[in-house]
Amino acid sequence: MAEKPAAPPAKSDTGAGAYRATLNMPDTPFPMRGDLPKREPGWVKAWNDEGLYQRLRVARRGAPLFVLHDGPPYANGKLHIGHALNKILKDMIVKSRQLSGFDAQYIPGWDCHGLPIENAIEKLHGRKLSRDDMQAKSRAFATEQIDQQREDFKRLGVLGDWERPYRTMDPANEAGEIRAFKRVIERGFVYRGLKPVYWCFDCGSSLAEFEIEYADKKSETLDVAFETDDAAKLSAAFGLSALPAGKSAFVVIWTTTAWTIPANQALNAHPELTYALVDTPKGCLVLAETLVEKCLERFGLTGTVLATTQGDKLGGLNFRHPLFDVDAGYRRLSPVYVADYVSDADGTGIVHSSPAYGLDDFNSCMANGLAYDDILNPVQGNGAYAADFPLFGGLHIWKAVPVILEALKNAGRLMATQTITHSYPHCWRHKTPVIYRAAAQWFVRMDEGEGVFTSDKAPTTLRQLALDAIERTHFYPENGKARLRDMIANRPDWCISRQRSWGVPVPFFLHKDSGELHPRTMEILDQAADIVEKGGIEAWSRVTAEEILGAADAPNYTKSTDILEVWFDSGSTFQHVLRGSHAQAYDRLPYHDNGPEADLYLEGHDQHRGWFHSSLLLGCALYDRAPYKGLLTHGFATDGQGRKMSKSLGNTVEPQSVNSKLGAEIVRLWVASTDYSGDLNIDEKILARVVDAYRRIRNTLRFLLANVSDFDPATDAVPAEQMLEIDRYALARAAQLQAEVLAHFDAYEFHPVVSKLQVYCSEDLGAFYLDVLKDRLYTTAPKSLARRSAQTALHQITHAMLRWMAPFLSFTAEEAWPVLAGTQNQGSIFFETFASMPSVDTALVTRWERVCELRNAVNKEIETVREAGQVGSSLQATVRITVPAVDHALLSSLGDDLRFVFIVSQVTLLQGETQVIEVVPATTSKCERCWHYREDVGNHAEHPTICGRCVSNLAEAAGTGAGEIRKVA
């Protein structure tokens, strides 16, 4: 509390500076320097020791529930700035909802299974670990990583149930995932098939569509000739009686994947394209008519078109493999199929098919009767051809490319080759090229078809359910809707099985001869879930076929060693977290057909193909709807030039380093002040600007706290109708700003709030209201109506402002709260709700906006006189202002308080046709106490150096007389 002003000085004590003690000088324990790196850990510890999150839940019990379901970060490695960005954004939303009166729960989560952890274990312990050993080491590693990450998240000021997070590796969640899997099967969505899927050699496993990114890759293109097996039939297809004498005929294909040529099994032509038979020195070539000229140029040949035909006439013709005469292993024929996916946009207009290595190729061959068992699939999981594969056995496919080119060249079948750089799918973890590779996998079907077991068939296809759900979802920003919709509309079936050890099992038993599932599969799924719930996935790994199927049945079946891919883990968490492991916390969450629905999912924009995507598919597979009402996406953290951060560039920013140097509050303010709908740039210069912004906000807050330090709202608050007009305007302006702030919070927008808060602190408060207010706060009697009116406004503004700040400047708001609240403090600002503000008096706001415009015009003229050296402070000036009638009436209504608004010693107001402002130095004496230049300085014998209003204010302070009367300002 500020000390009471001293008694007026005796006559003998009225020398220079004696009156300073009579001023109401601001005082506060809230320091100017935040000293954030040193002090923030103390608040984190206090929140943890006091169980703040749990106390907030008790305080909000019965309030409307708000659930932001956490997209689990991966339990692998220390936090980077992207993690900080994501978690702080979530924290700001949860806290803003908490301050809005919601029971805003936040259960943090971690993604714990899958390949990255297996890779880490293999690097530490080698690649020959048993399944049991891999699982044990992976669980221990993930636990250790979570403990490290949790402390870093808490250090960032993120409030949540850190003592009871969810982890996908918790046995209850692992079991819940198996039960969710069973329900997806029941609804007819799961089937097993041999189908080309993305395959990463480094992972040694299939990849989902979500795990693919595109990057440039150098490849060798090649045009390859396939010789006809029946020249007469080919001639007839072109309406010719025979080929030119002595000529052989070839179909020519173009590809960028030389390694697929050895596994070629078919050729594809478009049924409606026109194809030409071209006579060249190297034989008669079949090419798309529109590409003849380009192809001949590429081959270095000249030629004459002998005849043309439609593609459907080529269907059924057979051509020999290009290595037909090189090795007996290639003495096979490639039939021509007609397929709509073929085009004449490039290449030769004819596509070669290796059905194991391309989805279109696979579908075309299946549609034309090729049996699964006849599909050639020589490429092993590690990227090498099988050891007994003719000519290229044991070679890795990338290293085999030049060997294949040489073999084709020697066989006379290589028409042309060149090196190109093109966009190519890569594994998003290893950043290495992937291939399509046929493998027996478990799939979730997007379109019509039969599942392995169906007892409660969904009303329509999964694709349609998901597209319908997208229409019912709110997107922040809105463009996320089209992005997700396009991905769902065009995605293939979802391959959900992986050939790894560390993950939730696919608890199937397959017949050794037929490959069929055991007839008790649905019962076995329940049994597996119970086993896993008691002992984790490790318990299922130890279970034998005999224990589940019995001694008689077990020899006929093989226990699957596949696991569910990690996107099934995280995508199903809404089911076994919101409804399962943390159901008690979410006991008031609205349910639809027993399915939980979160208010918001929030992740980076890459998750349209990841967590948002898999969660949507599983929500629809289980309940015909999305598991969320809204999706919010943010950009990535990039350096100051917008470049992706990498250690090689040396442009990374580590949140731990920023915390220790500047404070986590600066990281939080950076997140809040940046438009997250795009990428968020960060570097030392950007952080320096954030620090400046923080200091301006903190200094304003300190001024507010200092000037209400002796104010008790219970006894000192002034009713609104008795407050001075400028104070009522300040409250109206704050109420206006709060309405804007809360609207932004409702739309999950923060950077406009920070921007408006900065403007409010610097312009509305610093450059105007607080500037005008200083004289009244400092010079009037401590308990005068004039001062208490100002403090009433400041107290309400500070209450409101602390709450606006609290979601992002959490430590600072928490530091300031007990200083402001005093005995009303409950221990944390987060027990509060946004302040109740008066309704906005728009007429009053409009009136004072015009006063501010006129004041700015006056200040501009004062500045001109100051630059000329005629005055120092504005109080050394007197102003003569002439304004038109409307402004004259406005300024006249302020009376003598107009000089306080302009912060000058005297104002002469005149009416005229145009606005004219004249500023001249004051010629009267300076009051030693208030520094105004007034004619009545020296009129009081006992106080010869101060003005009359200061004398009256001193008298009111001493209780011996009436003080200065202020009406407006």
query = Do side-chain atoms of R131 reach the backbone of T561 as a donor and acceptor pair under 3.5 angstrom?
reply = yes

note = Note: G358 and P196 closest approach over all heavy atoms is O-CG, 3.5 Å

message = I'd like to know if the side chain of D216 pairs up with that of T421 as donor and acceptor (distance under 3.5 Å, no hydrogens or angles considered).
response = no

key: Q265 side-chain N/O to L376 backbone N/O, donor-acceptor pair under 3.5 Å   = yes

key: Candidate pair D279 and K247, rule salt bridge (charged side-chain N to carboxylate O under 4.0 Å, His left out), full reasoning   = CA-CA 8 Å; D279 187 9; K247 291 280 188 178; 3.1 Å; yes

ask   = How are the rings of F392 and F389 set to each other: parallel, tilted or perpendicular (split at 30° and 60°)?
value = tilted

key: W259 and W398 aromatic ring geometry - parallel, tilted or perpendicular at 30°/60° bounds   = perpendicular

ask   = Would one find more than 12 heavy atoms of other residues, nucleotides or ligands at under 6.0 Å from atom CZ of R127?
value = no

ask   = Taking all atoms of both residues into account, what is the closest heavy-atom pair of P433 and Y424, and its distance?
value = CB-CE2, 3.7 Å

note = R332 meets the side chain to side chain donor-acceptor pair (under 3.5 Å) criterion, sequence neighbours left out, with none

message = Regarding R298 and D223, does a basic nitrogen lie under 4.0 Å from an acidic carboxylate oxygen?
response = yes

Q380 (side chain) donor-acceptor with P378 (main chain) under 3.5 angstrom = yes

ask   = Does atom CD of E297 have more than 12 heavy-atom neighbours, drawn from other residues, nucleotides or ligands, at distances under 6.0 Å?
value = no

message = I'd like to know whether NZ of K512 has more than 12 heavy-atom contacts from other residues, nucleotides or ligands below 6.0 angstrom.
response = yes

key: ring-ring contact (aromatic ring centres under 6.0 Å, His included) between W442 and F508, worked out   = CA-CA 11 Å; W442 294 101; F508 288 162; 4.6 Å; yes

ask   = So with a 6.0 Å cut-off around NZ of K123, is the heavy-atom count from everything else above 12?
value = no

query = Do R498 and S206 meet the criterion of a side-chain donor-acceptor pair at a distance under 3.5 Å?
reply = yes

key: Centroid separation Y191 to F443 less than 6.0 Å   = yes

Salt bridge flag under 4.0 Å for residues E122 and R500 = yes

message = Can you give me the closest heavy-atom contact between A411 and L323, atom names plus distance?
response = CB-CD2, 4.4 Å

query = Does the D373 side chain pair with the main chain of I375, one donor and one acceptor, at a distance under 3.5 Å?
reply = no

ask   = What are the two closest heavy atoms between P322 and V224, and how far apart are they?
value = CG-CG1, 3.5 Å

query = What are the two closest non-hydrogen atoms of V504 and D569, and how far apart are they?
reply = CG2-OD1, 4.1 Å

message = Check whether Q145 reaches the backbone of G77 with its side chain - one donor and one acceptor, N or O, closer than 3.5 Å.
response = yes

task = Would you confirm whether W254, through its side chain, and T221, through its main-chain N or O, come within 3.5 Å as a donor-acceptor pair?
result = no

task = Quick one: closest heavy-atom pair of V653 and M645, and the distance?
result = N-SD, 3.7 Å

key: Ring centre gap for F250 and F226 strictly below 6.0 Å   = no

inquiry  = With a 3.5 Å distance limit and no angle check, can you tell me whether S514 reaches the backbone of E516 through a side-chain donor-acceptor pair?
reply    = yes

Near-ring test H396/Y385, centroid separation under 6.0 angstrom = no

task = Indicate yes or no for a side-chain donor-acceptor contact from H430 to the backbone of C427 under 3.5 Å, with no hydrogens or angles considered.
result = no

request  = For H605 and F636, run ring-ring contact (aromatic ring centres under 6.0 Å, His included): C-alpha distance rounded to whole Å, both residues' side-chain angles, the deciding distance at 0.1 Å, then the answer.
outcome  = CA-CA 8 Å; H605 56 63; F636 297 137; 4.5 Å; yes

query = Do NZ/NE/NH1/NH2 and the carboxylate oxygens of K644 and D679 come within less than 4.0 Å?
reply = no

request  = With side chain to side chain donor-acceptor pair (under 3.5 Å) as the test, would you mind laying out the steps for T280 and K282 before giving the verdict?
outcome  = CA-CA 5 Å; T280 78; K282 286 193 175 182; over 6 Å; no

